[in-house]
Amino acid sequence: MNQRDLIERAKEHLGKLLESQFARIEKMKETQDFINYDNLHPIIISIVGGDGIGPFITAQAQKILEFLLQDEVKSGKAVFRVIDGLTIENRAKHGKAIPDDVLEELKQCHVILKGPTTTPRAGDPWPNIESANVAMRKELDLFANVRPVKVPEQGIDWTFFRENTEGAYALGSNGIHVNEDLALDFTVTTQEGSYRIIKAAFDYASKNKINKVTVVTKANVVKTTDGKFLEVAKQVAKEYPEVEWDDWYIDIMTAKLVDPKRRTQFKVMVLPNLYGDILTDEAAEFQGGVGTAGSANIGKRYAMFEAIHGSAPRMVEEGRAQYADPSSIIRAAAMLLEHIGYREKAAKLQKALDICGQYEKAVAITGRSNGATGAEFAQYIMNTLSDPQLEQKWAEYVNRK
Ligand code: IPM
Ligand code: MG
(Lines give C-alpha, C1' and ligand atoms only; values in the text may rest on other atoms or scores of the structure.)
(Ligands and ions follow the chains in the order given, each with its own letter.)
Protein backbone atom coordinates (compact mmCIF):
# COMPACT_ATOMS: atom_id res chain seq x y z
CA MET A 1 0.00 0.00 0.00
CA ASN A 2 1.35 3.46 -0.77
CA GLN A 3 1.68 6.13 1.87
CA ARG A 4 -1.42 8.01 0.83
CA ASP A 5 -3.57 4.87 1.15
CA LEU A 6 -2.04 4.04 4.51
CA ILE A 7 -2.87 7.51 5.75
CA GLU A 8 -6.42 7.27 4.43
CA ARG A 9 -6.92 3.91 6.14
CA ALA A 10 -5.56 5.27 9.41
CA LYS A 11 -7.79 8.35 9.18
CA GLU A 12 -10.83 6.16 8.69
CA HIS A 13 -9.87 4.08 11.71
CA LEU A 14 -9.34 7.22 13.76
CA GLY A 15 -12.75 8.51 12.68
CA LYS A 16 -14.39 5.39 14.10
CA LEU A 17 -12.49 5.77 17.35
CA LEU A 18 -13.65 9.34 17.71
CA GLU A 19 -17.25 8.25 17.11
CA SER A 20 -16.94 5.62 19.84
CA GLN A 21 -15.56 8.21 22.26
CA PHE A 22 -18.30 10.73 21.50
CA ALA A 23 -20.88 7.99 22.16
CA ARG A 24 -19.19 7.17 25.44
CA ILE A 25 -19.21 10.80 26.51
CA GLU A 26 -22.96 10.99 25.81
CA LYS A 27 -23.57 7.91 27.96
CA MET A 28 -21.50 9.37 30.81
CA LYS A 29 -23.54 12.54 30.70
CA GLU A 30 -26.79 10.55 30.89
CA THR A 31 -25.89 8.82 34.14
CA GLN A 32 -25.50 11.35 36.90
CA ASP A 33 -26.85 9.79 40.08
CA PHE A 34 -25.37 6.94 42.05
CA ILE A 35 -27.54 3.90 42.82
CA ASN A 36 -28.89 3.84 46.38
CA TYR A 37 -28.37 0.41 47.95
CA ASP A 38 -30.73 1.10 50.84
CA ASN A 39 -33.65 1.04 48.43
CA LEU A 40 -32.83 -2.35 46.96
CA HIS A 41 -34.69 -5.44 48.05
CA PRO A 42 -32.93 -7.69 47.47
CA ILE A 43 -29.47 -6.45 46.77
CA ILE A 44 -27.96 -9.00 44.38
CA ILE A 45 -24.33 -9.92 45.00
CA SER A 46 -22.73 -11.94 42.25
CA ILE A 47 -19.69 -14.11 42.72
CA VAL A 48 -17.52 -14.56 39.65
CA GLY A 49 -14.71 -17.09 40.10
CA GLY A 50 -12.59 -16.27 37.05
CA ASP A 51 -9.59 -18.39 36.10
CA GLY A 52 -6.77 -20.32 37.69
CA ILE A 53 -6.81 -19.95 41.46
CA GLY A 54 -9.76 -17.52 41.10
CA PRO A 55 -12.62 -19.94 41.84
CA PHE A 56 -10.67 -21.37 44.82
CA ILE A 57 -10.00 -18.10 46.59
CA THR A 58 -13.32 -16.51 45.60
CA ALA A 59 -15.22 -19.41 47.19
CA GLN A 60 -13.46 -18.61 50.49
CA ALA A 61 -14.43 -14.95 50.31
CA GLN A 62 -18.02 -15.96 49.48
CA LYS A 63 -18.15 -18.17 52.59
CA ILE A 64 -17.07 -15.23 54.73
CA LEU A 65 -19.58 -12.87 53.12
CA GLU A 66 -22.37 -15.40 53.65
CA PHE A 67 -21.27 -15.75 57.26
CA LEU A 68 -21.38 -11.99 57.82
CA LEU A 69 -24.64 -11.48 55.91
CA GLN A 70 -26.49 -14.52 57.22
CA ASP A 71 -29.32 -12.45 58.71
CA GLU A 72 -29.69 -10.38 55.54
CA VAL A 73 -29.84 -13.53 53.42
CA LYS A 74 -32.49 -15.02 55.75
CA SER A 75 -34.62 -11.89 55.61
CA GLY A 76 -34.31 -11.68 51.83
CA LYS A 77 -32.42 -8.38 51.88
CA ALA A 78 -29.34 -9.92 50.21
CA VAL A 79 -29.02 -12.64 47.60
CA PHE A 80 -25.88 -14.36 46.32
CA ARG A 81 -25.59 -15.46 42.72
CA VAL A 82 -22.66 -17.42 41.32
CA ILE A 83 -21.84 -16.59 37.71
CA ASP A 84 -19.74 -19.12 35.81
CA GLY A 85 -18.45 -18.60 32.32
CA LEU A 86 -15.86 -15.89 32.83
CA THR A 87 -13.12 -18.47 32.32
CA ILE A 88 -10.41 -18.07 29.71
CA GLU A 89 -11.66 -21.25 27.97
CA ASN A 90 -15.16 -19.85 27.58
CA ARG A 91 -13.95 -16.40 26.62
CA ALA A 92 -11.63 -17.91 24.00
CA LYS A 93 -14.46 -20.10 22.69
CA HIS A 94 -16.65 -17.03 22.11
CA GLY A 95 -13.73 -14.85 21.01
CA LYS A 96 -14.93 -12.22 23.47
CA ALA A 97 -13.52 -10.60 26.60
CA ILE A 98 -16.92 -11.18 28.23
CA PRO A 99 -19.31 -13.58 26.46
CA ASP A 100 -22.73 -11.99 25.84
CA ASP A 101 -24.70 -14.25 28.18
CA VAL A 102 -22.21 -13.65 31.00
CA LEU A 103 -22.45 -9.90 30.49
CA GLU A 104 -26.22 -10.14 30.59
CA GLU A 105 -26.07 -12.04 33.89
CA LEU A 106 -23.65 -9.48 35.32
CA LYS A 107 -26.02 -6.68 34.40
CA GLN A 108 -28.77 -8.34 36.46
CA CYS A 109 -26.70 -7.88 39.62
CA HIS A 110 -25.83 -4.88 41.74
CA VAL A 111 -22.39 -5.68 43.05
CA ILE A 112 -19.83 -8.21 41.88
CA LEU A 113 -17.02 -10.03 43.66
CA LYS A 114 -14.61 -11.15 40.99
CA GLY A 115 -11.64 -13.50 41.09
CA PRO A 116 -8.63 -12.91 38.82
CA THR A 117 -9.08 -13.54 35.10
CA THR A 118 -6.24 -14.48 32.77
CA THR A 119 -5.30 -11.68 30.38
CA PRO A 120 -4.11 -13.11 27.07
CA ARG A 121 -1.18 -11.50 25.33
CA ALA A 122 0.45 -12.01 21.98
CA GLY A 123 2.18 -15.41 21.82
CA ASP A 124 -0.16 -17.10 24.32
CA PRO A 125 -2.08 -20.22 23.32
CA TRP A 126 -5.24 -18.06 23.67
CA PRO A 127 -6.65 -15.63 21.12
CA ASN A 128 -5.38 -12.14 21.91
CA ILE A 129 -8.75 -10.88 23.22
CA GLU A 130 -9.13 -7.87 25.51
CA SER A 131 -8.65 -8.35 29.25
CA ALA A 132 -11.90 -9.33 31.00
CA ASN A 133 -11.10 -6.77 33.74
CA VAL A 134 -10.69 -3.95 31.31
CA ALA A 135 -13.81 -5.00 29.39
CA MET A 136 -15.91 -5.21 32.57
CA ARG A 137 -14.75 -1.80 33.72
CA LYS A 138 -15.78 -0.38 30.35
CA GLU A 139 -19.06 -2.30 29.90
CA LEU A 140 -20.31 -1.48 33.40
CA ASP A 141 -18.67 1.96 33.37
CA LEU A 142 -16.73 1.31 36.58
CA PHE A 143 -14.81 4.54 36.46
CA ALA A 144 -13.27 4.70 39.92
CA ASN A 145 -10.65 2.16 40.84
CA VAL A 146 -10.18 2.67 44.55
CA ARG A 147 -7.12 0.98 46.02
CA PRO A 148 -6.25 1.50 49.68
CA VAL A 149 -2.81 0.64 51.04
CA LYS A 150 -2.21 0.69 54.78
CA VAL A 151 0.87 -0.03 56.87
CA PRO A 152 -0.14 1.42 60.24
CA GLU A 153 3.19 0.89 61.98
CA GLN A 154 4.93 2.92 59.26
CA GLY A 155 2.28 5.63 59.17
CA ILE A 156 1.24 4.68 55.63
CA ASP A 157 -2.43 5.24 54.94
CA TRP A 158 -2.99 5.80 51.24
CA THR A 159 -6.11 5.65 49.12
CA PHE A 160 -5.55 5.70 45.38
CA PHE A 161 -8.31 6.83 43.04
CA ARG A 162 -7.22 5.44 39.72
CA GLU A 163 -9.26 6.53 36.71
CA ASN A 164 -10.48 3.25 35.30
CA THR A 165 -12.08 3.71 31.89
CA GLU A 166 -9.96 6.21 29.98
CA GLY A 167 -6.32 7.10 29.43
CA ALA A 168 -4.20 4.49 27.73
CA TYR A 169 -6.86 1.85 28.39
CA ALA A 170 -9.82 3.40 26.55
CA LEU A 171 -8.43 2.39 23.16
CA GLY A 172 -5.78 -0.04 24.35
CA SER A 173 -7.01 -2.75 21.96
CA ASN A 174 -7.74 -0.29 19.15
CA GLY A 175 -4.42 1.20 18.18
CA ILE A 176 -3.42 1.54 14.54
CA HIS A 177 -0.82 -0.73 13.06
CA VAL A 178 -0.18 1.61 10.16
CA ASN A 179 2.43 -0.61 8.55
CA GLU A 180 5.50 -2.55 9.60
CA ASP A 181 7.35 0.63 10.41
CA LEU A 182 4.66 2.44 12.36
CA ALA A 183 2.31 1.57 15.21
CA LEU A 184 0.12 4.07 17.05
CA ASP A 185 -1.76 3.84 20.30
CA PHE A 186 -3.98 6.49 21.79
CA THR A 187 -4.67 7.94 25.17
CA VAL A 188 -8.02 9.54 25.90
CA THR A 189 -8.96 12.16 28.48
CA THR A 190 -12.46 13.61 28.63
CA GLN A 191 -13.86 16.45 30.69
CA GLU A 192 -16.63 14.27 32.12
CA GLY A 193 -14.37 11.29 32.76
CA SER A 194 -11.76 13.36 34.56
CA TYR A 195 -14.32 15.33 36.50
CA ARG A 196 -16.10 12.32 37.98
CA ILE A 197 -12.94 10.54 39.19
CA ILE A 198 -11.34 13.69 40.60
CA LYS A 199 -14.59 14.61 42.29
CA ALA A 200 -14.79 11.11 43.79
CA ALA A 201 -11.33 11.60 45.30
CA PHE A 202 -12.10 15.05 46.73
CA ASP A 203 -15.43 13.82 48.01
CA TYR A 204 -13.78 10.93 49.80
CA ALA A 205 -11.14 13.20 51.31
CA SER A 206 -13.73 15.69 52.44
CA LYS A 207 -16.15 13.12 53.92
CA ASN A 208 -13.38 11.28 55.75
CA LYS A 209 -11.77 14.51 56.98
CA ILE A 210 -8.49 13.58 55.33
CA ASN A 211 -8.41 16.89 53.52
CA LYS A 212 -5.35 16.24 51.42
CA VAL A 213 -5.54 15.19 47.77
CA THR A 214 -2.55 14.68 45.50
CA VAL A 215 -3.13 14.80 41.76
CA VAL A 216 -0.57 12.82 39.76
CA THR A 217 0.08 13.37 36.05
CA LYS A 218 2.91 13.90 33.59
CA ALA A 219 1.39 17.14 32.38
CA ASN A 220 4.81 18.68 31.75
CA VAL A 221 5.29 16.30 28.81
CA VAL A 222 1.93 14.74 27.98
CA LYS A 223 0.51 18.18 27.66
CA THR A 224 -2.85 17.65 26.01
CA THR A 225 -4.43 14.76 27.87
CA ASP A 226 -2.62 14.94 31.21
CA GLY A 227 -2.80 18.71 30.90
CA LYS A 228 -6.57 18.35 30.68
CA PHE A 229 -6.69 16.08 33.73
CA LEU A 230 -4.78 18.66 35.75
CA GLU A 231 -6.97 21.47 34.46
CA VAL A 232 -10.09 19.60 35.59
CA ALA A 233 -8.46 19.01 38.98
CA LYS A 234 -8.14 22.77 39.38
CA GLN A 235 -11.87 23.14 38.63
CA VAL A 236 -12.88 20.43 41.10
CA ALA A 237 -10.57 21.78 43.82
CA LYS A 238 -12.54 25.04 43.78
CA GLU A 239 -15.64 23.08 44.85
CA TYR A 240 -13.76 21.82 47.92
CA PRO A 241 -12.07 24.83 49.49
CA GLU A 242 -11.61 22.86 52.73
CA VAL A 243 -9.50 20.20 51.00
CA GLU A 244 -5.84 21.00 50.49
CA TRP A 245 -4.35 19.66 47.30
CA ASP A 246 -1.11 19.49 45.38
CA ASP A 247 0.05 18.08 42.08
CA TRP A 248 3.00 15.83 41.39
CA TYR A 249 4.50 14.27 38.31
CA ILE A 250 4.37 10.51 38.16
CA ASP A 251 8.15 10.01 37.96
CA ILE A 252 9.01 11.87 41.15
CA MET A 253 5.88 10.51 42.83
CA THR A 254 7.12 6.98 42.15
CA ALA A 255 10.43 7.93 43.76
CA LYS A 256 8.87 9.63 46.78
CA LEU A 257 6.76 6.60 47.64
CA VAL A 258 9.96 4.81 48.61
CA ASP A 259 11.22 7.73 50.68
CA PRO A 260 10.23 6.92 54.30
CA LYS A 261 10.48 10.58 55.32
CA ARG A 262 8.18 11.85 52.58
CA ARG A 263 5.74 9.09 51.79
CA THR A 264 3.57 9.45 54.87
CA GLN A 265 2.53 12.93 53.73
CA PHE A 266 0.47 11.42 50.91
CA LYS A 267 -3.10 10.49 51.73
CA VAL A 268 -5.54 10.46 48.83
CA MET A 269 -4.10 10.26 45.35
CA VAL A 270 -5.98 10.62 42.07
CA LEU A 271 -4.42 9.73 38.78
CA PRO A 272 -5.00 8.65 35.17
CA ASN A 273 -5.43 4.98 34.40
CA LEU A 274 -1.96 3.75 33.44
CA TYR A 275 -0.09 5.70 36.13
CA GLY A 276 -2.62 4.36 38.61
CA ASP A 277 -2.05 0.83 37.42
CA ILE A 278 1.69 1.10 37.96
CA LEU A 279 1.77 3.18 41.13
CA THR A 280 -0.75 0.96 42.94
CA ASP A 281 1.39 -2.12 42.35
CA GLU A 282 4.38 -0.29 43.79
CA ALA A 283 2.30 0.92 46.72
CA ALA A 284 0.87 -2.52 47.48
CA GLU A 285 4.41 -3.83 47.83
CA PHE A 286 4.80 -1.92 51.13
CA GLN A 287 1.84 -3.77 52.53
CA GLY A 288 3.14 -7.18 51.54
CA GLY A 289 2.59 -7.29 47.79
CA VAL A 290 -0.31 -7.31 45.36
CA GLY A 291 -1.51 -10.53 46.98
CA THR A 292 -2.60 -8.54 50.02
CA ALA A 293 -4.46 -5.71 48.30
CA GLY A 294 -8.11 -5.49 47.34
CA SER A 295 -9.51 -3.21 44.73
CA ALA A 296 -12.90 -1.55 44.24
CA ASN A 297 -14.16 -0.68 40.77
CA ILE A 298 -17.01 1.70 41.29
CA GLY A 299 -19.51 3.11 38.84
CA LYS A 300 -22.81 4.90 39.29
CA ARG A 301 -24.95 1.81 38.64
CA TYR A 302 -22.58 -1.14 39.23
CA ALA A 303 -19.59 -1.89 41.40
CA MET A 304 -17.07 -4.71 41.15
CA PHE A 305 -14.56 -5.78 43.78
CA GLU A 306 -11.51 -7.83 42.96
CA ALA A 307 -8.08 -9.01 43.99
CA ILE A 308 -5.34 -7.14 42.15
CA HIS A 309 -3.11 -10.16 41.58
CA GLY A 310 -3.20 -12.58 38.67
CA SER A 311 -4.75 -16.02 38.22
CA ALA A 312 -1.54 -17.99 38.97
CA PRO A 313 -2.25 -20.81 36.48
CA ARG A 314 0.96 -22.52 37.55
CA MET A 315 -0.42 -23.11 41.05
CA VAL A 316 -3.34 -24.96 39.49
CA GLU A 317 -1.10 -26.97 37.14
CA GLU A 318 1.04 -28.01 40.09
CA GLY A 319 -2.01 -29.00 42.12
CA ARG A 320 -1.53 -26.21 44.68
CA ALA A 321 -4.67 -24.15 44.05
CA GLN A 322 -6.16 -25.00 47.43
CA TYR A 323 -3.08 -23.41 49.09
CA ALA A 324 -3.54 -20.07 47.31
CA ASP A 325 -3.81 -17.05 49.59
CA PRO A 326 -7.40 -15.68 49.63
CA SER A 327 -6.44 -12.52 51.62
CA SER A 328 -6.66 -10.16 48.71
CA ILE A 329 -10.12 -11.26 47.55
CA ILE A 330 -11.31 -11.23 51.19
CA ARG A 331 -10.08 -7.61 51.40
CA ALA A 332 -12.10 -6.96 48.27
CA ALA A 333 -15.12 -8.58 49.96
CA ALA A 334 -14.70 -6.19 52.90
CA MET A 335 -14.69 -3.26 50.49
CA LEU A 336 -17.86 -4.64 48.92
CA LEU A 337 -19.56 -4.75 52.33
CA GLU A 338 -18.53 -1.19 53.06
CA HIS A 339 -19.70 0.00 49.67
CA ILE A 340 -23.21 -1.41 50.07
CA GLY A 341 -23.58 0.12 53.51
CA TYR A 342 -22.44 -2.53 56.00
CA ARG A 343 -19.71 -0.36 57.46
CA GLU A 344 -19.37 -2.13 60.79
CA LYS A 345 -19.21 -5.60 59.30
CA ALA A 346 -16.66 -4.31 56.79
CA ALA A 347 -14.48 -2.75 59.46
CA LYS A 348 -14.60 -5.92 61.50
CA LEU A 349 -13.54 -8.00 58.54
CA GLN A 350 -10.66 -5.63 57.78
CA LYS A 351 -9.54 -5.94 61.39
CA ALA A 352 -9.79 -9.72 61.29
CA LEU A 353 -7.64 -9.72 58.14
CA ASP A 354 -5.03 -7.52 59.83
CA ILE A 355 -4.95 -9.74 62.91
CA CYS A 356 -4.81 -13.03 61.00
CA GLY A 357 -2.49 -11.97 58.20
CA GLN A 358 -0.20 -9.38 59.79
CA TYR A 359 -0.23 -9.83 63.55
CA GLU A 360 -1.25 -13.08 65.18
CA LYS A 361 -0.57 -15.29 62.16
CA ALA A 362 -1.72 -18.49 63.88
CA VAL A 363 -2.49 -19.96 60.46
CA ALA A 364 0.16 -19.29 57.83
CA ILE A 365 -0.32 -19.52 54.09
CA THR A 366 2.79 -20.35 52.06
CA GLY A 367 1.18 -21.24 48.75
CA ARG A 368 2.41 -24.82 49.22
CA SER A 369 1.42 -27.92 51.15
CA ASN A 370 3.68 -26.92 54.07
CA GLY A 371 1.24 -24.06 54.71
CA ALA A 372 -2.46 -23.78 55.42
CA THR A 373 -5.15 -24.08 52.78
CA GLY A 374 -7.31 -21.15 51.77
CA ALA A 375 -10.25 -22.88 53.46
CA GLU A 376 -8.31 -23.13 56.74
CA PHE A 377 -7.41 -19.47 56.51
CA ALA A 378 -11.06 -18.54 55.86
CA GLN A 379 -12.07 -20.55 58.91
CA TYR A 380 -9.41 -18.70 60.94
CA ILE A 381 -10.90 -15.40 59.75
CA MET A 382 -14.40 -16.49 60.75
CA ASN A 383 -13.18 -17.64 64.16
CA THR A 384 -11.48 -14.27 64.62
CA LEU A 385 -14.67 -12.47 63.59
CA SER A 386 -16.44 -14.31 66.42
CA ASP A 387 -13.61 -13.72 68.91
CA PRO A 388 -14.63 -11.34 71.74
CA GLN A 389 -10.95 -10.26 71.84
CA LEU A 390 -11.00 -8.94 68.26
CA GLU A 391 -10.94 -5.22 69.11
CA GLN A 392 -8.25 -5.66 71.73
CA LYS A 393 -6.03 -7.70 69.42
CA TRP A 394 -6.42 -5.18 66.67
CA ALA A 395 -5.46 -2.32 69.00
CA GLU A 396 -2.33 -4.26 69.94
CA TYR A 397 -1.53 -4.72 66.28
CA VAL A 398 -1.94 -1.02 65.41
CA ASN A 399 0.07 0.16 68.38
CA ARG A 400 2.99 -2.19 67.94
CA LYS A 401 6.17 -0.60 66.69
C1 IPM B 1 -4.97 -4.30 37.42
C2 IPM B 1 -4.39 -5.23 36.39
C3 IPM B 1 -5.11 -5.06 35.07
C4 IPM B 1 -4.90 -3.63 34.63
C5 IPM B 1 -4.68 -6.05 33.99
C6 IPM B 1 -4.90 -7.47 34.43
C7 IPM B 1 -5.35 -5.81 32.68
O8 IPM B 1 -3.02 -5.02 36.25
O9 IPM B 1 -6.15 -4.45 37.75
O10 IPM B 1 -4.25 -3.42 37.88
O11 IPM B 1 -3.92 -3.34 33.93
O12 IPM B 1 -5.72 -2.78 34.97
MG1 MG C 1 -2.23 -3.59 37.56
Side-chain angles (χ1 to χ4, degrees), residues 48-54 57-58 61 86-88 91-92 96-98 106 112-124 126-149 158-175 185-189 193 197 216 250 253-254 257 269-299 302-315 324 327-329 331-333 335-336:
V48 181
D51 299 309
I53 58 169
I57 56 173
T58 309
L86 203 69
T87 59
I88 184 68
R91 288 181 284 137
K96 283 204 154 166
I98 306 178
L106 289 169
I112 302 160
L113 184 72
K114 186 183 104 10
T117 44
T118 301
T119 301
R121 57 176 191 179
D124 275 3
W126 307 110
N128 198 11
I129 43 178
E130 188 179 40
S131 136
N133 285 35
V134 174
M136 201 182 293
R137 292 166 185 168
K138 282 188 196 163
E139 289 287 351
L140 305 180
D141 202 19
L142 308 172
F143 66 88
N145 191 326
V146 185
R147 295 183 162 177
V149 170
W158 299 322
T159 308
F160 294 89
F161 281 75
R162 164 189 175 189
E163 202 294 319
N164 215 18
T165 50
E166 308 202 329
Y169 284 65
L171 297 171
S173 301
N174 297 287
D185 266 315
F186 301 97
T187 185
V188 179
T189 299
I197 184 69
V216 186
I250 181 65
M253 182 78 210
T254 310
L257 277 200
M269 279 151 278
V270 60
L271 62 182
N273 211 336
L274 184 58
Y275 307 144
D277 177 47
I278 298 166
L279 203 68
T280 54
D281 269 17
E282 186 198 11
E285 202 61 26
F286 293 104
Q287 180 184 269
V290 289
T292 61
S295 165
N297 297 265
I298 295 172
Y302 299 99
M304 181 265 280
F305 301 81
E306 62 180 343
I308 74 171
H309 56 72
S311 58
R314 197 178 321 149
M315 287 192 81
S327 302
S328 178
I329 190 87
R331 285 262 175 224
M335 296 176 85
L336 182 153

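Counting starts at 1 for both ligands and their atoms, in listed order.
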Hey, is ligand 1 close enough to Glu306 that some N/O pair sits below 3.5 Å?
no
Within less than 2.8 Å, report the number of protein N/O/S atoms around the Mg ion (ligand 2).
1
Looking at Thr119, which atoms of ligand 1 are within less than 4.0 Å of one of its heavy atoms?
6 (C)
To the nearest 0.5 angstrom, please state how far the CD atom of Glu306 sits from the CE atom of Met335.
10.0 Å
Heavy-atom proximity to atom 10 (O) of ligand 1, best of Asn133, Ile278, Asp277:
Asp277
For the side chain of Asn273 and the backbone of Gly167, is there at least one donor-acceptor N/O pair under 3.5 Å apart?
no
Mind checking the CG-CG spacing from Leu271 to Leu279? Nearest 0.5 Å is all I need.
6.0 Å
Per-atom contacts, ligand 1 versus Tyr169 - under 4.0 Å to a heavy atom
4 (C), 11 (O), 12 (O)
If we check side chain to side chain donor-acceptor pair (under 3.5 Å) with Ser311, which of these qualifies: Thr117, Thr87, Thr118?
Thr118
Excluding sequence neighbours, so at least two apart, what forms side-chain contact (heavy atoms from CB on, under 4.5 Å) with Thr165?
Arg24, Asp141, Phe143, Glu163, Arg196
Atoms of ligand 1 close to Ser131 [distance to a heavy atom under 4.0 angstrom, numbered from 1]
7 (C)
Which is it for Arg162 and ligand 1 at heavy atoms under 4.0 Å: side chain, backbone, both or neither?
side chain
Under 4.0 Å from any heavy atom of Arg137, which atoms of ligand 1 are there?
1 (C), 4 (C), 9 (O), 12 (O)
Are any of the side-chain nitrogens in Lys96 or Glu130 under 4.0 Å away from the carboxylate oxygens of its partner?
no
Donor-acceptor pair between Lys114 and Asn297 side chains, under 3.5 angstrom
no
If you round to the nearest 0.5 Å, how far is CG of Asn164 from OG of Ser295?
7.0 Å
Whether Arg147 lies under 4.0 Å from ligand 1, heavy atom
yes
